[in-house]
Amino acid sequence: MTATARLVSMLRSSSSLSVLTGAGMSAESGIPTFRDAGGLWEDEDPVSLASVDGFLANPARVQRWYAERLRGVMDAQPHSGHVALAELESELDVTVVTQNVDGLHSRAGSTNVLEMHGNITRHFCVECQDNTGPGLSTLTSTVDTAGSAPGLVQCTLCGGLIRPAVVWFGEMLPHGVFSRAVEAVAESDVFLSIGTSSSVYPASSLIEVAQSNGAYTVEINVAPSVAASRFDDSITGRAGQVLPKLVSELRSTVSAPETT
Ligand code: OAD
C-alpha cells in the first residue's frame, strides 16, 4: 500500500484534520521559499530583513524588500493544492495552521486558517499601532524604477514608521494563535505537514503535539525535511500535485458504489 493510499484510508475513518503549511505550499504560486536553492534567505541575512533591529537600522531597505514581496503576493494566485485543501472541508473538519503570510489558503476557500506569522497584506505603525493608513503597497509602484529611491512610508497620524504585520525573529506570535493551533492539532485524527523545512520553532513542535495525541502524521514535501523521520509516513512530491490527487482518491473511494 502506498503512503497516499494509507492516508486516504486514514482520512476516510477520521473526522478532523490539521495541516501545517510552509513556504513550499506557495512555491507553485510563484512565491519563493526561504531555504531552498534560490530562496529568500540564500543571499540575504534574515536578521537584517526580519527583525526589529534590522528594520530600525535601515527602515527604507526593509520597507522596500517587503513591498517587493507584497507585490509578488498580490500578483500570485492560489494553485490546485490550495484549492484541494479547501475542498477537504467538505469531507471533514480541517484546520490549516500556516507559517505563510500570503493569505493564499483563505483566498482558495479554506475557512479555518491560523496565520502563525501574520499577513504581509496588513501593516501597522511601530509608534501608535494604527493600521488604517496607507501601507507598504504605496511603495510597490516605485520599486521597479531603477535609480529611484522611494521614501519611507510613515504613519499619517503620528509620523511613525510603518512595518508589515508579519512576525519577525525574536517576536511573539500573534496573541492566541499558537494556543489555538495546539488545540486544533491535539484534537485531530490526522496531521499533515506540507512544504515546510520544519526548522522554525514553534511551528516545528506541532508534530510532537500531534504524535502525543495519537494522530496519524504525514509529511508532504518535494524532499524529506530534517523532521521526516518523526512522521508516520512521507509523501514525496509537489503540494500542487499531491493534494489534488489525494482529494480525488478520497472522493472516488467515498463515492464508490457498494458491492454485495
Ligand atoms: P523553508 O524555505 O524553510 O522550507 C520550504 C520547504 O518547502 C522545503 O522543505 C522544501 O523542500 C519544500 N518545498 C519546496 N517546494 C515545494 C512544493 N512545491 N511542494 C512541497 N514542498 C515544497 O520555508 P518554511 O519552512 O516555511 O519565518 O520556513 C519557516 C519560516 O522560516 C518562515 O515562515 C519564515 C522563515 O524565516 C518568518 O518569516 C518568521
Side-chain angles (χ1 to χ4, degrees), residues 3-4 7 19-55 62 65-66 68-70 72-73 76-85 96-105 108 113-123 136 163-174 177-178 181 192-207 218-231 233-246:
T4 304
L7 176 54
V19 184
L20 171 68
T21 64
M25 182 74 217
S26 295
E28 290 154 84
S29 290
I31 298 176
T33 64
F34 294 93
R35 295 174 183 81
D36 293 315
L40 293 170
W41 294 158
E42 188 173 54
D43 299 319
E44 300 283 4
D45 168 20
V47 174
S48 72
L49 291 165
S51 73
V52 171
D53 287 349
F55 178 58
V62 174
W65 190 76
Y66 280 94
E68 285 174 26
R69 284 187 61 203
L70 174 59
V73 163
Q77 297 299 325
H79 61 68
S80 54
H82 292 105
V83 172
L85 265 190
V96 176
V97 182
T98 189
Q99 297 165 91
N100 299 341
V101 296
D102 51 42
L104 290 180
H105 286 300
V113 181
L114 298 173
E115 293 179 322
M116 282 188 71
H117 293 166
N119 190 306
I120 198 171
T121 65
R122 296 195 295 268
H123 62 275
L136 300 180
R163 60 161 282 184
V166 300
V167 175
W168 282 336
F169 291 105
E171 291 189 314
M172 306 281 286
L173 300 186
V177 168
F178 190 63
L192 302 181
S193 175
I194 307 173
T196 175
S197 59
S198 292
S199 54
V200 172
Y201 183 85
S204 58
S205 67
L206 289 174
I207 172 65
V218 183
E219 177 176 89
I220 299 172
N221 201 306
V222 287
S225 78
V226 289
S229 62
R230 289 149 70 192
F231 289 81
D233 260 321
S234 290
I235 299 175
T236 303
R238 295 205 302 265
Q241 289 187 330
V242 173
L243 293 168
K245 184 164 177 271
L246 181 69

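We're numbering straight along the sequence, starting at 1. Counting starts at 1 for both ligands and their atoms, in listed order.
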Peer 1: Could you pull out all residues at least two apart from Q241 that satisfy side-chain hydrogen bond (donor to acceptor under 3.5 Å, both in side chains)?
Peer 2: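 By the side-chain hydrogen bond (donor to acceptor under 3.5 Å, both in side chains) rule, Q241 matches no residue at all.
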Peer 1: Taking both backbone and side-chain atoms of I220, is any N or O found less than 3.5 Å from an N or O belonging to ligand 1?
Peer 2: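 Among all N and O atoms of I220, none is under 3.5 Å from an N or O of ligand 1.
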Peer 1: Give the minimum heavy-atom separation between L70 and L136, together with the two atoms involved.
Peer 2: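 The answer is CD2-C, 4.1 Å.
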Peer 1: Is there a salt bridge (Lys or Arg N to Asp or Glu O under 4.0 Å) between R163 and E171? Walk through the geometry before answering.
Peer 2: CA-CA 14 Å; R163 60 161 282 184; E171 291 189 314; 2.7 Å; yes
Peer 1: What residue and heavy atom of the protein are closest to atom 25 (O) of ligand 1, and at what distance?
Peer 2: T196 OG1, 2.7 Å
Peer 1: Among all the protein's non-hydrogen atoms, which is closest to atom 37 (C) of ligand 1, and how far away is it?
Peer 2: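 Result: H117 ND1, 3.8 Å.
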Peer 1: To the nearest 0.5 Å, what is the distance between CG on L104 and CD on E28?
Peer 2: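 Taking CG in L104 and CD in E28, the distance rounds to 12.0 Å.
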Peer 1: Below 3.5 Å, N or O to N or O, backbone or side chain included: is there any such pair between R35 and ligand 1?
Peer 2: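 So ligand 1 has an N or O lying under 3.5 Å from an N or O of R35.
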Peer 1: Using the side chain to side chain contact (heavy atoms under 4.5 Å, CB included) rule, pick out the option among D53, V62, V47 that qualifies with W168.
Peer 2: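 The side chain to side chain contact (heavy atoms under 4.5 Å, CB included) with W168 is passed solely by V62 among D53, V62, V47.
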Peer 1: Could you check atom 16 (C) of ligand 1 against the protein and tell me its nearest heavy-atom contact, residue, atom and distance included?
Peer 2: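 Looking at atom 16 (C) of ligand 1, the protein heavy atom closest to it is G24 O, 3.4 Å.
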Peer 1: Is the contact between E28 and ligand 1 made by the side chain, the backbone, both, or neither, using heavy atoms and a 4.0 Å cut-off?
Peer 2: side chain
Peer 1: Just need the protein heavy atom nearest to atom 14 (C) of ligand 1, so name the residue and atom and give the distance.
Peer 2: D36 OD2, 3.4 Å
Peer 1: Hey, what's the ring geometry for W41 with W65, parallel, tilted or perpendicular (30° and 60° as the breaks)?
Peer 2: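 Because their plane-to-plane angle is under 30°, the rings of W41 and W65 count as parallel.
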Peer 1: To which of S198, G240, S197 does the heavy atom nearest atom 1 (P) of ligand 1 belong?
Peer 2: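 Heavy atom nearest to atom 1 (P) of ligand 1 belongs to S197.
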Peer 1: Short list, please: which atoms of ligand 1 are under 4.0 Å from a heavy atom of A27?
Peer 2: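 Contacts of ligand 1 toward A27, numbered from 1: 15 (N).
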Peer 1: At a 4.0 Å threshold, what atoms of ligand 1 neighbour a non-hydrogen atom of V200?
Peer 2: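 Those qualifying, in numeric order: 29 (C), 30 (C), 31 (O).
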Peer 1: Taking only heavy atoms of G22, which atoms of ligand 1 are found under 4.0 Å from at least one of them?
Peer 2: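 Near G22, meaning under 4.0 Å from one of its heavy atoms, ligand 1 has 26 (O).
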Peer 1: Taking side-chain hydrogen bond (donor to acceptor under 3.5 Å, both in side chains) as the test, write out the residues that go with T121, two or more places apart.
Peer 2: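 T121 satisfies side-chain hydrogen bond (donor to acceptor under 3.5 Å, both in side chains) with N119 only.
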Peer 1: Would W41 count as a polar contact of ligand 1, with the cut-off being nitrogen or oxygen pairs under 3.5 Å?
Peer 2: yes
Peer 1: Identify, for atom 29 (C) of ligand 1, the protein heavy atom at the shortest distance, and state residue, atom and that distance.
Peer 2: Q99 OE1, 3.3 Å
Peer 1: Could you identify the single nearest non-hydrogen protein atom to atom 11 (O) of ligand 1 and state the distance to 0.1 Å?
Peer 2: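 Result for atom 11 (O) of ligand 1: N221 OD1, 2.6 Å.
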Peer 1: Using every non-hydrogen atom in the two residues, find where S225 and S198 come nearest and quote the distance to one decimal.
Peer 2: OG-OG, 3.8 Å
Peer 1: Do T4 and L7 have side-chain heavy atoms sitting under 4.5 Å apart?
Peer 2: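 With C-beta onward as the side chain, the pair stays apart.
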Peer 1: Around atom 23 (O) of ligand 1, find the nearest protein heavy atom and jot down its residue, atom name and distance.
Peer 2: A23 CB, 3.5 Å
Peer 1: Heavy-atom pairs closer than 4.0 Å: do any link ligand 1 to the side chain of F169, the backbone, both, or neither?
Peer 2: side chain
Peer 1: How long is the span from the CD atom in E115 to the CZ atom in R122, to the nearest 0.5 Å?
Peer 2: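 Between E115 CD and R122 CZ, I get 5.5 Å after rounding to 0.5 Å.
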Peer 1: Looking only at heavy atoms, is any part of S225 under 4.0 Å from ligand 1, and if so is it the side chain, the backbone, or both, or is it neither?
Peer 2: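 It is neither; nothing of S225 touches ligand 1.
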Peer 1: If you have a sec, work out which protein heavy atom is nearest atom 39 (C) of ligand 1 and how many Å separate them, to one decimal?
Peer 2: V167 O, 3.2 Å
Peer 1: Is the backbone of T196 close enough, under 3.5 Å, to the side chain of N221 for a donor and an acceptor to pair up by distance?
Peer 2: yes
Peer 1: Nearest 0.5 angstrom please: I194 CD1 to L20 CG, how far?
Peer 2: 8.5 Å
Peer 1: Between A223 and ligand 1, is there a nitrogen or oxygen pair with a distance under 3.5 Å?
Peer 2: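 No, since none of the N or O atoms of A223 sits under 3.5 Å from an N or O of ligand 1.
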